[in-house]
Number of protein chains: 2
Amino acid sequence: MMTARTRGHLANDSWEALLTAHAVLMKRFAAAPIWDEVSMREYDVLYTLSKHEGPIRLGELNRSVLLSQPALSRLVERLADRGLVERAPDPADGRGVRLALTEAGREQQRRTGRRHAADVTREVGAALTEDEMRQLEALTSKLAGSTVHREIEEAAT
Amino acid sequence: MMTARTRGHLANDSWEALLTAHAVLMKRFAAAPIWDEVSMREYDVLYTLSKHEGPIRLGELNRSVLLSQPALSRLVERLADRGLVERAPDPADGRGVRLALTEAGREQQRRTGRRHAADVTREVGAALTEDEMRQLEALTSKLAGSTVHREIEEAAT
DNA sequence: TTGAGGTAGATGCAAACGCATGAACATCGG
DNA sequence: CCGATGTTCATGCGTTTGCATCTACCTCAA
């Protein structure tokens with residue numbers, strides 16, 4: 001007999017499946033011998049910076065990176081000390097900091113990115129067809145894009 | 001004009017979309033005021049234990065939890081100290097440890113789980129239709145299940 | 001049976017993290 | 001213009017993490 005799952009069950013089951021996929025693949029990627037120059041978290045920051053043209057703010061960066069604001073602040077500080085990231089005061093806002101990759105940072109991102117992308121291609125490529133990849137991209141994009149946000153904030157008031 | 005993405009590009013784009021969705025939703029869930037008793041990571045462990053009938057080994061638990069073995073070992077130790085997890089020597093293997101929720105741990109998991117599930121239902125439910133949830137679950141399950149593993153290990157030799 | 005090699009989990013220690021808070025600047029009503 | 005309030009990032013501090021290593025135990029061949 002086929003028991004019907006409620007909408008809530010479906011939501012939780014799909015989220016759990018996503019979490020599992022994330023954990024499993026992250027473990028495999030972490031096991032790859034390519035993180036000797038920059039750690040995965042550092043790469044995450046370099047990659048996010050590489051996707052933007054000009055400099056971005058720390059707060060903006062922090063929306064993509066799963067770290068607390070202080071932790072990200074210090075991670076960026078370390079990357080700046082290593083000459084991979086440029087930190088400049090924001091002329092438009094004295095509190096803000098404008099972050100951008102240095103040339104060395106860009107090269108580092110490309111080097112690590114090339115190696116990591118090969119792993120991603122192999123793992124994802126082995127599991128899904130091209131159509132499925134497109135579907136997964138569409139679904140996860142939709143999931144990230146949606147904004148119930150307002151309601152949460154209001155409820156917390 | 002519609003430029004064709006290679007298989008590698010598709011794989012990487014879909015993985016990136018999954019990562020983004022993961023980060024965005026995790027941030028929202030983390031912001032919920034329900035982690036006063038157990039942290040998200042602790043809940044992850046409690047939840048994983050709750051999904052298993054009998055006790056499981058630390059190593060097995062570590063395959064689901066995105067933490068190093070020592071970090072997980074100590075996290076479990078803290079949970080044991082708080083009376084939420086039971087640690088017993090494995091009679092079949094003197095090196096191993098058998099982990100299981102205590103009654104208090106099970107209650108804690110249920111309490112936090114109920115509250116967290118509501119958030120998941122709201123966020124995922126607001127973004128996807130039921131069909132899409134089913135598709136997402138199917139795709140991510142397939143992604144996690146696939147095993148190119150052997151090749152990686154051999155390549156590292 | 002024994003010893004070499006492998007595996008499971010614990011531990012020392014430095015690095016990194018989160019929480020609370022501080023300092024500096026922005027914004028806006030009066 | 002000014003003070004109150006909000007925002008952005010940095011810093012102090014206790015906790016947690018990862019890496020390297022250790023101990024205890026298992027496996028298996030000689």
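Keep in mind that what you see is a predicted model, and the values were worked out from it rather than measured. The chains referred to below are lettered A, B, ... by the order of the sequence lines, with proteins before strands, and numbering in each begins at 1. Side chains included, hydrogens not; waters and symmetry mates left out as well; all remaining heavy atoms used.
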Student: Take the protein atom CZ of A/R82 and the nucleotide atom C1' of C/dA16, then report the distance between them rounded to whole Å.
Tutor: 13 Å
Student: Report the C-alpha distance between B/M40 and B/M26 in whole Å, list the side-chain angles of each, state the deciding distance to 0.1 Å, and finish with yes or no for side-chain contact (heavy atoms from CB on, under 4.5 Å).
Tutor: CA-CA 10 Å; B/M40 280 190 90; B/M26 285 300 272; 3.7 Å; yes
Student: Just the rounded figure in Å: distance from P of D/dC9 to CZ of A/R63.
Tutor: 11 Å
Student: Between C/dC17 atom C1' and B/M40 atom CE, what is the distance in whole Å?
Tutor: 16 Å
Student: To the nearest angstrom, how far is A/N62 atom CG from D/dT7 atom P?
Tutor: 16 Å
Student: Just so I know, are the side chains of B/K27 and A/N62 near enough to count as touching, which here means a heavy-atom distance under 4.5 Å?
Tutor: yes
Student: Return the value, rounded to whole Å, for the distance between atom CG of A/D36 and atom P of D/dG18.
Tutor: 18 Å
Student: Could you tell me how far apart A/L67 (CG) and D/dT16 (P) are, to the nearest whole angstrom?
Tutor: 17 Å
Student: Can you tabulate the close N/O pairs, meaning under 3.5 Å, that link protein atoms to atoms of nucleotides 19-25 of chain C?
Tutor:
from	atom 1	to	atom 2	distance (Å)
C/dC25	O3'	A/G94	N	3.3

Student: Looking at B/T129, is its backbone amide N or carbonyl O close enough to the side chain of B/E132 to form a donor-acceptor pair, meaning the two atoms are under 3.5 Å apart?
Tutor: yes
Student: Return the value, rounded to whole Å, for the distance between atom CZ of B/R78 and atom C1' of C/dT11.
Tutor: 14 Å
Student: Can you tell me how far C1' of C/dG9 sits from CG of B/L72, to the nearest Å?
Tutor: 10 Å
Student: Please state whether the phosphate of D/dT17, meaning OP1 or OP2, lies under 4.0 angstrom from any side-chain nitrogen or oxygen of B/R41.
Tutor: yes
Student: Would you please confirm or rule out a distance under 4.0 Å between OP1 or OP2 of C/dA10 and any side-chain N or O of B/R87?
Tutor: yes
Student: Using 30° and 60° as the class boundaries, would you call the ring planes of B/H22 and A/W15 parallel, tilted or perpendicular?
Tutor: parallel
Student: Would a distance-only check, ignoring hydrogens and angles, find a side-chain to backbone donor-acceptor pair under 3.5 Å from B/E42 to B/S39?
Tutor: yes
Student: Using only side-chain N and O atoms of A/S73, determine if any of them is under 4.0 Å from OP1 or OP2 of D/dA10.
Tutor: yes
Student: Test A/R41 against A/D44 for salt bridge (charged side-chain N to carboxylate O under 4.0 Å, His left out), laying out the working first.
Tutor: CA-CA 5 Å; A/R41 263 196 262 251; A/D44 190 9; over 6 Å; no
Student: Quick one: which of C/dT11, D/dC9, C/dC17 gets closest to the side chain of A/V97?
Tutor: D/dC9
Student: Indicate yes or no for a side-chain donor-acceptor contact from A/T102 to the backbone of A/G83 under 3.5 Å, with no hydrogens or angles considered.
Tutor: yes
